[in-house]
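Below is one structure, written out as structure tokens; comments come after it.
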Amino acid sequence: MAAPNPGGDSDVVVDIGAVVDATVALQRATTIANRVIGGAVVLGIVVVVIASSRTSEDAEASRVTVGSVVVAAACVVSGAIAGRLITRRARVGRSAVVARVGMRVVSEARAAGLPELDHAAVARALREDDNGPAPWFDPKLSPHTWPFWELAAAGQHEQGVVAEKSVEDRRLTLRRGQIPGA
């Protein structure tokens with residue numbers, strides 16, 4: 001739900017909590033998938049090591065070694081497939097949430113009198129954690145993210161809209177103008 005922002009007349013604040021929750025769920029699924037893939041790789045290596053240590057120096061030894069490599073490859077491939085399937089549901093869920101919240105952001109901006117926003121730019125702003133380092137970024141000081149996006153208006157002749165994303169506050173603030181400090 002959009003709420004007027006006391007910081008300006010045309011500022012619109014939209015709740016993006018659902019996107020934040022879906023992103024956290026995707027991060028959890030990715031962690032689990034990475035563990036499954038890692039376990040499959042370790043299992044494959046163990047199979048090759050055990051098979052190599054139990055062989056003798058004849059023709060049967062080469063068959064056992066080739067067989068163990070095939071089994072190890074099957075372990076790795078099955079782990080990769082399992083990892084992909086584990087993250088699929090979370091990725092699809094996040095995409096649906098981003099599309100739904102993106103449509104709400106566009107409609108709230110339209111209702112507040114802001115220029116028509118590009119749906120792809122809004123989806124990118126919702127999906128990305130940050131927009132890269134700030135213009136004044138100095139790697140010697142500390143990491144710093146840039147939570148501002150310039151959302152292209154559908155009509156290029158209109159003044160742009162700037163979105164400021166705050167994951168901690170679970171909100172996206174829209175206002176006319178340019179990115180501060182850019």
Side-chain angles (χ1 to χ4, degrees), residues 1-37 80-182:
M1 179 74 108
N5 185 3
D9 298 331
S10 63
D11 289 3
V12 176
V13 179
V14 181
D15 178 39
I16 59 167
V19 174
V20 173
D21 293 340
T23 301
V24 168
L26 178 60
Q27 290 169 345
R28 282 190 206 127
T30 302
T31 300
I32 292 169
N34 289 339
R35 289 179 181 162
V36 167
I37 292 168
I81 291 171
R84 180 79 174 166
L85 292 175
I86 289 169
T87 59
R88 178 174 170 71
R89 184 179 203 167
R91 281 184 285 114
V92 168
R94 186 180 73 160
S95 294
V97 169
V98 165
R100 187 177 69 242
V101 173
M103 294 300 293
R104 190 173 72 226
V105 167
V106 169
S107 66
E108 295 287 348
R110 185 182 307 126
L114 293 173
E116 187 69 24
L117 301 178
D118 179 33
H119 295 281
V122 171
R124 179 179 173 267
L126 291 172
R127 204 173 24 255
E128 300 291 327
D129 289 333
D130 62 66
N131 203 15
W136 60 82
F137 174 69
D138 184 359
K140 294 176 190 165
L141 297 176
S142 68
H144 183 76
T145 60
W146 186 238
F148 295 98
W149 282 264
E150 212 163 21
L151 303 179
Q156 295 296 334
H157 61 282
E158 297 185 49
Q159 183 181 17
V161 175
V162 173
E164 180 180 359
K165 184 175 180 182
S166 173
V167 174
E168 294 83 19
D169 296 336
R170 301 166 66 97
R171 64 180 166 78
L172 186 73
T173 304
L174 304 171
R175 66 180 61 89
R176 290 182 191 266
Q178 295 179 334
I179 294 177

Checklist line | Presence of salt bridge, Glu128 and Lys165, under 4.0 angstrom | finding: no
Say you draw a straight line from [atom1] of [X] to [atom2] of [Y]; how long is it, rounded to the nearest 0.5 Å?
X	Y	atom1	atom2	answer
Arg104	Ile16	CZ	CD1	9.5 Å
Arg100	Leu126	CZ	CG	11.5 Å
Glu108	Asp15	CD	CG	10.5 Å
Ile86	Ile37	CD1	CD1	8.0 Å

So, for [X] and [Y], which heavy atoms are closest and what is the spacing to 0.1 Å?
X	Y	answer
Ala109	Leu117	CB-CD1, 3.7 Å
Val12	Ala112	CG2-CB, 3.2 Å
Gly83	Ala33	O-CB, 3.4 Å
Ala163	Leu174	CB-CD2, 3.7 Å
Pro115	Val161	CD-CG2, 3.6 Å

Across all chains, not counting sequence neighbours, the salt bridge (charged side-chain N to carboxylate O under 4.0 Å, His left out) partners of Arg110 are Glu116
Sequence neighbours excluded, the answer for salt bridge (charged side-chain N to carboxylate O under 4.0 Å, His left out) partners of Arg91 is none
- Just do the side-chain contact (heavy atoms from CB on, under 4.5 Å) check on Val106 and His119 with the steps written out, would you? CA-CA 7 Å; Val106 169; His119 295 281; 3.6 Å; yes
Report the C-alpha distance between Thr173 and Arg175 in whole Å, list the side-chain angles of each, state the deciding distance to 0.1 Å, and finish with yes or no for side chain to side chain donor-acceptor pair (under 3.5 Å).
CA-CA 7 Å; Thr173 304; Arg175 66 180 61 89; 4.9 Å; no
side-chain contact (heavy atoms from CB on, under 4.5 Å) filter on Val24, not counting sequence neighbours, yields Gln27, Arg28
Working note: Arg176 + Asp11, criterion salt bridge (charged side-chain N to carboxylate O under 4.0 Å, His left out); need CA distance, chi angles, decisive distance, verdict.
CA-CA 8 Å; Arg176 290 182 191 266; Asp11 289 3; over 6 Å; no
